[in-house]
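As structure tokens, the structure follows; a few thoughts come after it.
First the proteins, then the strands, lettered A, B, ... as listed; each starts at 1. Just so it is clear, the structure is predicted and the values come from calculations on it, not from any experiment. Below, all heavy atoms of this structure are taken into account, side chains as well, without hydrogens, waters or symmetry copies.
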Amino acid sequence: MAIPSIPASTTITVLPTNTKPSSLPSTLKSLSLSGKLDEALHLIESHPLTPLPLQTYDALLHACISRKSLHHGQRLQNHLLLRHSTKRKKGRGGNQQSLLEKPALKTKLITLYSVCGRIDLARSVFDSALVGTAPESVWVAMAIGYSRNGCSKDALSLYVDMLRRFVQPGNFAFSAALKSCAELGDFPVGRGVHAQIVKCKDESDQVVYNALLRLYLECGCFEDVVRVFAEMPERNIVSWNSLVSGFAGRGQLFEAFDAFRRMQGEGVGFNWVSLTAVLPVCAQINALCSGKEIHAQMAKSVIRPDMFVLNSLMDMYAKCGVVDYARRIFDGMERRDLTSWNTVLNGYAIARRMEEGLKLFDKMVDSGFSPDMVTFIALLSGCSHTGLTQEGLQLFHRMRTEFGISPSAEHYACLVDMLGRAGRLKEALKVVKSMGKKPSGSIWGSLLNSCRLYGNVPLAEAIAKVLFEIEPKYPVNYVILSNIYANAGLWEGVKMVRAMMEKRGVKKEVGCSWIEIKNRLHTFVAGGGIELRNSEKYQKLWSELMEAMRGVGYEPDTRVVLHDVSEEIKKGWVCGHSERLAAMFGLIHTRSGIPLRITNNLRVCADCHSWMKALSQVTRRVIVLRDTKHFHHFEKAVFEVVWLNPVLLQVRSESFYFVSPRRIVSSLRWNSDSLAKSSPAFAGPLTTLHNLGFAPLHSELIGFRFSALVF
DNA sequence: ATAGGGATAT
């Protein structure tokens, strides 16, 4: 028989009410430490006249703050008020300062009320008496209370008030003021505070510097961020996290990635917050290898990753083209929020596996989660890319009727795209006209793309005309129109578009590709990579490959070159496309059989697509090429991987790969402050990972430093 | 008493 559990609401009083007054303080202290607030208050209230030291109340309030217990805090305050007045009546200690006036208790009471969301009560404690002589700590507690409750303006004016009353600000006040300025995006005042800090004789602490970093980040003054970062005497995890997320927020993804690596190099370590900053970067630059490495570290950790990190991790896998891993993490999560669902659903949309996505959506609704607008953007875009037009249209309808979400411009964009891709251009145009919103450039852009798919030149010309007015400097529109002409064999049109671009000074974005090898990103620009191309290894490999590739039927297709040059030059240009350089680099610098994962910043051209396909065939490598729109998977040469034992993998038709535990040494380190030390050596991780339900998954297995451990 | 965090479309 199971022991009946006690309902959470039941309070058990274990203490006898006849506790001796002399032992009260120590009893109360241990009660506060173990968080037994009910017992503690009961005890205090039953001894209203016993004098208690300040420390006792301090400890009690501390316990109230960490439990966010408004109720107990108020009872305590009432008790203090009561005791104060009783004392006065009896004439004892009449001139003694009430305990409530002690700054230490005031500070704590203010904090308590503000963490409980009762800024009004906090303010009345603050105002209660002796404001003029309140020390810095009370002001700071109040200011932080304000910013905790989203009233940064009040927090900042409190700081100003404090200065007016000649209270000398210290590091705590500075960081509180900087935080408010950062939240308000108030650069001038923030600058002023910075100046005060510089003038202040005391040494600034780490927190003040980090608050300065935050201020300049929020204000968009990145030069100042970098300067403060360089000038500060020490940089801790928080400083580095700010730098990483700062770069990431500005879209400087490689710099963000690099900062994270440097952070590891300096031995700072990382924590969950660092990971929620760097994982989205991995997702965007397709750095699956590093992402997996980070995942391995997470699995090793004794501390459970929180929902934020898991959501980012899922998104990383989804964006790097491995939804299955994202799904496994999702399935293993003990708690999920709306973002978790949205992330996986979007993962299926990216992977063009909407049947599974729709099934999951049904599950989501069944389990009582109400989808939001993001959910529908993911679903609709997925349906549109997979050609599930009927399902998509139905969802668009259900969105309003069943879930009460009125379609936004983004939803209309998905709808238009869906109809356009299905060849229902007339209906798409009808939607554009009737949606009651001004169609954005992106909507017209998606229509133009649909015209490309169906070779509709007249409509394309009309749409392009509109687009050239809305976004005259956006090169992609010109390129698509030019492609449409080229596909139709209308070379005059191609010439015209090019002339237009030259006249308006519109430049095609430079093609750029990168490949991650041994946790390092190698970037190539179209037409670049001279050193690589001049190397002997490259030239030998190139001629061998070209011959083999011709053998499997590859013929260069120079129609993708839209310039009027000789055939030979065209061939040269196509060969210099950045994705090919990255692929060649990958071939040279990895062992045979290891998959190549290449990322391109634009759209992969048709010739590169078939080139990669042939390359995959002749080298028998898996090639995954990601561009801004698609994943190009070339898995003709999938190896079958047999799981022999944790450290030994066998790959059919290849030699044995030994992945010894010693080789799998991480370049990353945990922050020992915030996370428990990772398991000794590699005694635990394999079991951990098995417990997580990870089993090897064909080709992805080989080639990654942590592959043997993780998947 | 003080600093840092995730999802969407062309």
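In the interface, the side chain of A:Asn241 is not paired with the base of B:dA3 through any donor and acceptor atom under 3.5 Å apart. In the interface, the side chain of A:Thr339 is paired with the base of B:dG6 through a donor and an acceptor atom under 3.5 Å apart. Side-chain N/O atoms of A:Ser175 and base N/O atoms of B:dT2 include a donor-acceptor pair closer than 3.5 Å. For A:Asp306 against B:dG5, a side-chain N or O and a base N or O form a donor-acceptor pair under 3.5 Å.
By the 5.5 angstrom centroid cut-off and the 30-degree plane limit, A:Tyr209 is classified as not stacked against the base of B:dA3.
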Worksheet entry | Working for side-chain hydrogen bond (donor to acceptor under 3.5 Å, both in side chains), residues A:Thr386 and A:Arg352 | CA-CA 6 Å; A:Thr386 6; A:Arg352 316 289 191 245; over 6 Å; no
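The number of heavy atoms from other shown groups lying within 6.0 Å of CZ (A:Arg148) is above 12.
Of the residues in residues 143-156 of chain A, those lying under 4.0 Å from DNA chain B by heavy-atom distance are A:Ile144, A:Arg148.
A:Phe376 pairs in a ring-ring contact (aromatic ring centres under 6.0 Å, His included) with only one of the listed residues (A:Trp341, A:Phe396, A:Phe403, A:Tyr412), which is A:Phe403.
At B:dT8, one or more side-chain N or O atoms of A:Asn346 fall inside 4.0 Å of OP1 or OP2 (strictly under the cut-off).
Remark: A:Asp372 pairs with A:Asn342, A:Thr375 by the side-chain hydrogen bond (donor to acceptor under 3.5 Å, both in side chains) rule, at least two apart or across chains.
Residues A:Asp154 and A:Arg123 are not paired through a salt bridge, judged by the lack of any N-O separation under 4.0 Å between the basic side chain and the carboxylate.
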